Amino acid sequence: MPELPEVETIVRDLQPLVVGRRIVRASLSHDDVLRGVTRRQLTRRLAGKTIRDVSRRAKHAVFDLGSERLVIQPGMTGSLTVHRRRLTSAESRYAVLRAELNRGGELVYTDVRRLGTILLLNEKQWELYDRALGPEPLDPAFSVEQLGSALGRSRQAIKKVLMDQRHLAGVGNIYANEALFAAGIDPSKAANRLDTTDHQRLHAELRRILSAAIRSNGTTFRDYRTGTGEPGNFQLELLVYGREGEPCRRCGTRLTGTHAIDARISVFCHHCQS
Ligand SMILES: [Zn+2]
């Protein structure tokens with residue numbers, strides 16, 4: 001699933017293409033991506049609205065429509081782009097949400113397996129939704145102490161806690177694996193057993209890696225594309241994710257891959273991480 005750097009890239013690409021534009025009409029191909037809103041309500045309420053801004057919160061692209069927010073969390077096979085031409089037949093086959101914009105162009109959410117979600121929230125609902133999410137790791141005000149207190153209360157594996165959006169926003173499997181490797185922390189270690197030095201290292205590495213990934217337009221493993229339809233490049237810089245069985249770049253030990261921690265693939269070095 002696209003994580004913080006990928007959604008940030010999408011949002012930055014979309015900004016100049018959608019802000020100030022009015023949605024002329026909207027259509028939805030399938031209801032299964034909707035949460036708390038029906039197809040009829042969504043398409044009716046989107047029509048005529050002007051997109052005032054688009055920003056990222058956690059792994060969501062948030063479109064500010066004035067009185068409402070259109071919140072899209074792209075799934076693993078999802079992409080969110082503005083098309084200025086007719087969609088190809090493959091594109092229109094998997095287009096889930098299409099919003100025609102005034103002055104030309106169409107904002108399209110495409111999702112082959114429809115693993116993404118779409119919400120339409122009023123101000124009060126958005127406030128509650130936002131409040132339930134953890135702090136943003138790239139917020140300049142996000143401190144080592146904040147990370148420590150977000151992670152410190154849980155006895156669950158640190159990797160699991162890092163990916164829990166209620167504790168910390170935007171981090172998923174790829175960047176949890178990478179940050180834990182860079183910080184030298186075993187992904188299965190109980191979160192409340194990390195000490196201050198671990199918090200400092202993890203804080204620094206999380207911010208360094210997420211920022212570097214944004215500079216590379218995110219990681220393209222399968223279907224992820226930027227807001228202009230290009231692949232990202234951070235996959236070239238990954239040190240552990242996708243490298244199970246290969247030698248550790250730091251010490252040469254074979255990297256371990258396991259699904260035992262959280263059912264997702266965890267890749268780490270026995271020698272470098274403890
Ligand atoms: Zn190693």
Side-chain angles (χ1 to χ4, degrees), residues 1-6 8-9 59 76 134-138 142-165 167-222 224 231-274:
M1 174 184 290
E3 303 180 29
L4 186 157
E6 291 76 40
E8 183 69 30
T9 303
K59 305 176 196 173
M76 195 171 61
E136 287 287 336
L138 292 182
F142 180 66
S143 64
V144 174
E145 293 69 34
Q146 232 181 322
L147 179 69
S149 70
L151 305 177
R153 289 182 292 266
S154 177
R155 281 189 294 186
Q156 287 195 306
I158 178 62
K159 180 178 168 240
K160 227 171 152 175
V161 182
L162 267 184
M163 289 168 56
D164 185 331
Q165 300 300 298
H167 294 303
L168 187 68
V171 177
N173 202 35
I174 296 177
Y175 298 102
N177 274 302
E178 293 297 314
L180 289 167
F181 173 75
I185 300 166
D186 184 325
S188 66
K189 191 171 181 173
N192 64 358
R193 300 198 54 199
L194 266 60
D195 60 22
T196 313
T197 314
D198 292 327
H199 293 153
Q200 282 165 348
R201 261 192 261 139
L202 192 53
H203 181 265
E205 294 299 346
L206 268 172
R207 290 177 32 131
R208 182 183 66 77
I209 291 168
L210 293 170
S211 304
I214 292 171
R215 282 196 298 276
S216 296
N217 292 324
T219 299
T220 293
F221 245 82
R222 302 168 39 147
Y224 161 71
N233 289 308
F234 196 68
Q235 62 277 12
L236 305 171
E237 296 173 52
L238 297 175
L239 296 182
V240 287
Y241 185 82
R243 299 194 64 245
E244 58 272 29
E246 293 179 37
C248 169
R249 296 244 198 250
R250 211 172 270 165
C251 74
T253 303
R254 253 172 77 102
L255 295 174
T256 304
T258 175
H259 287 83
I261 298 173
D262 55 7
R264 312 283 308 276
I265 182 80
S266 300
V267 187
F268 64 102
C269 174
H270 272 301
H271 183 253
C272 296
Q273 293 171 258
S274 58

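Read the numbers this way: they start at 1 and go in the same order the structure lists the ligands and their atoms. Model, not experiment: these values are computed from the prediction.
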Gln165 side-chain N/O to Gly134 backbone N/O, donor-acceptor pair under 3.5 Å | no

Taking the side chain from Asn177 and the backbone from Ile265, do they hold a donor-acceptor pair closer than 3.5 Å?
-> yes

Is a side-chain donor-acceptor pair under 3.5 Å present for Tyr175 with Glu6?
-> yes

Sum up the protein N, O or S atoms located under 2.8 Å from the Zn ion (ligand 1).
-> 4

If you count the non-hydrogen atoms of other residues, nucleotides and ligands that lie under 6.0 Å from CZ in Arg254, is the total more than 12?
-> no

Could you give the distance from CG (Leu239) to SG (Cys248), rounded to the nearest 0.5 Å?
-> 8.0 Å

Side chain Glu237, main chain Phe234, donor-acceptor under 3.5 Å | no

